[in-house]
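Just so it is clear, the structure is predicted and the values come from calculations on it, not from any experiment. So you know, we letter chains A, B, ... as the sequences are listed, proteins then strands, and number each from 1.
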There are 2 protein chains.
Amino acid sequence: MSVKRQVLRAEVQEMILDRLTQGSWRPGARLSIDGLARDLDVSPTPVREALVALERSGLIRYQALKGYVVAEPLTPQQIAELIDARVVIETAAMTRAFAHWEELTADLVEAHAAHQALADRIAETDEPPYELIHEYFLADAAFHEAIFRHAGNRFLDSMRETIHAHAHRMRQTWSAGPGQIDSAEAIAEHAAVLARVQERNHDGALQTLRTHLEAVGERSGGMQEAAQE
Amino acid sequence: MSVKRQVLRAEVQEMILDRLTQGSWRPGARLSIDGLARDLDVSPTPVREALVALERSGLIRYQALKGYVVAEPLTPQQIAELIDARVVIETAAMTRAFAHWEELTADLVEAHAAHQALADRIAETDEPPYELIHEYFLADAAFHEAIFRHAGNRFLDSMRETIHAHAHRMRQTWSAGPGQIDSAEAIAEHAAVLARVQERNHDGALQTLRTHLEAVGERSGGMQEAAQE
DNA sequence: GGTCCATGAATCTTATGGGATACAGGATTC
DNA sequence: GAATCCTGTATCCCATAAGATTCATGGACC
C-alpha cells in the first residue's frame, strides 16, 4: 500500500472542479486567483497552477492580465459539433471494443444496471438532491466509458476525456432550465445499444449508438431553448 | 491595431516547447523548475505554470514532489494506437471537409506545393540543418491541418491538436536514429491523396489517406527498431 | 562486506510581498 | 451634455523567501 502523495495543487484543482460541475458559479463569472486562495485558505501559487490545468480542459477561459472566467455554455452550433465528434469517436471505439466482446458485454450490463438503479431512485424522489443527480450523470458517463475501456486505444480514450468536460457544459444548460432530467429516454436508448451488443450485432450497435447520441443532442438543443425563455 | 498582450508565462512556455521539439533534452531528462527559471532568467512561478500546461499536452510527465521529466518516446504499441486514432479522426475530417470541396482542394494544393518545395530543398542539401527539418515537418503537418480546417468541427480539430504533440514524440524517435527523412514517400502519398480529392473521389481520398497514415506508422516502427540497435 | 542511518545539497512546494494593470466612478474640460 | 482625464481599489503577475521532500553520500555498526 503506497502512501498517497498528493500536493495542494491537486486538491485545489479537485475543489474548483467540484464547484464548477456543481454550477456554483454562473458562466462568465470571474474566478479571482486571490479570492479563491483566500476562500480555500491557501496561497495563490497552487491556485494558479490548478487554473492553468482547468483552462486546458476547456471549462474555464483565460485572458492575460484579466484573469479566468467560467466558460460560456455551448451554443447550439457547438453542441451539434460536439455530438458529431462524439459519434465519430464513440462508434470507432465501439467497433474496436467488439474485439473483446465478452468483457464489453459484461461491463455494459453492469454499468447499465447501475445507471438504471439511479434513474429509478430519481424517479421516486420529488426533488432529487444535487448529489443524486451528480451520481446519475456519472453512471450515465460510465456506460460510455465502458466502451472505450475495451477499445484498447489510449488516444481515443484521451479524446473521450476531452469531450467529457464539454459534455458537462452541455448538461449544465438544462440543469439550469425548467426541464426534467432525460433519464427515461437515456435509459431506453442505452438499453437499445446494450441489446444490439448482446446480440453481437455490430452494425446495429453502431446505429443505435449513433441514434442515442443524436437524440442527446436534440434534447439538449431543445432544453437550451427552453432555458433561454 | 491592438497591442500584443502577452505574459511571461506564455513566452516561457513557448521557449520550453521549442527546446522540447528541438530535442535539446533526451526523453527521461529532468526538467528542474529552479534550473529552468535560472536558465531563462525568470522566477519559478511562470515556469511552474508553463510546465502544468505542457504536462496536459503530454510532452512531459509530472510526479508530485519529484518534478517534471521529458516524456518517453512512444512504444510500438502506442504508435499503432496513435495511427489508429489518427485514421479515425482524419478520415472523419476528410468526409466533412468534402462539403467545402473547392476551398479544401485549393488549400491542399497550396500546402502540398509548400511541402514539396521544402522536400526538394532537403534533398539538395547534404546535411540539412535543424531549422530546415523543422520547417519541413511543419509543412507536412500543414497538409493534414488543411483537412481539419474545412471540416468545420472545432472538437475534431482540438483532437488533432492533442494528436499533434504525440506525433512529434513519434518523429523524435527517428530523428535520433540513423534513418533519413521519409520525404519521398510522404510526398508521394500526399500527392495520391490530393489527386483523389481533386477528382472529387471521396472514397478514394479516404482510402489513400488511410494508406498514408498506416505507412507513416510502418516507417516509424521500422525506424524505431533501427534506432534501438 | 553489507546494511542501516545520519547528513546535506538540490529541488520541489507553498507563502508572502511589491510592482503593474484593469476597471469603475467621479471630476474636469470643451 | 459628452468626452476626456484622473484616481482609488481590486486584481493580476512575478520575484523572493521559507518550509518540506527527495536523493545521494559517507560513516557506523553488525
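When rounded to the nearest whole Å, the span between CG of B:Leu36 and C1' of C:dA10 equals 15 Å. Between B:Gln13 atom CD and D:dC13 atom C1' the separation is 16 Å, expressed in whole Å.
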Quick one: which protein N/O atoms are closer than 3.5 Å to N/O atoms of nucleotides 13-17 of chain C? Pair and distance per line, please.
from: C:dT13; atom 1: OP1; to: B:Tyr62; atom 2: OH; distance (Å): 2.8
from: C:dT13; atom 1: OP1; to: B:Leu65; atom 2: N; distance (Å): 2.6
from: C:dT13; atom 1: OP2; to: B:Arg48; atom 2: NH2; distance (Å): 3.3
from: C:dT14; atom 1: OP1; to: A:Leu8; atom 2: N; distance (Å): 2.3
from: C:dA15; atom 1: OP2; to: A:Ser43; atom 2: N; distance (Å): 2.4
from: C:dA15; atom 1: OP2; to: A:Ser43; atom 2: OG; distance (Å): 2.7
from: C:dA15; atom 1: N7; to: A:Thr45; atom 2: OG1; distance (Å): 3.3

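Minimum heavy-atom separation, A:Leu132 to A:Pro128: CD2-CB, 4.1 Å.
You'll find the ring centres of A:His190 and A:Phe143 inside the 6.0 Å limit.
A salt bridge does not link B:Glu110 to B:Arg149: none of the charged side-chain nitrogens sits closer than 4.0 Å to a carboxylate oxygen. Using a cut-off of 4.0 Å between Lys/Arg side-chain N and Asp/Glu carboxylate O, B:Asp39 and B:Arg19 are scored as salt-bridged.
Side-chain N/O atoms of B:Ser32 include none lying less than 4.0 angstrom from OP1 or OP2 on C:dA10. Considering only side-chain N and O atoms, B:Arg38 lies nowhere under 4.0 angstrom from the phosphate OP1 or OP2 of D:dT16.
Residue-level contact check: B:Leu31 touches the backbone only, with heavy atoms under 4.0 Å from sugar-phosphate atoms and none from bases.
Scanning for side chain to side chain contact (heavy atoms under 4.5 Å, CB included) contacts around B:Leu17 gives B:Thr21, B:Leu54, B:Leu59, with sequence neighbours left out. By the side-chain hydrogen bond (donor to acceptor under 3.5 Å, both in side chains) test, A:Asp157 pairs with A:Arg160, sequence neighbours left out.
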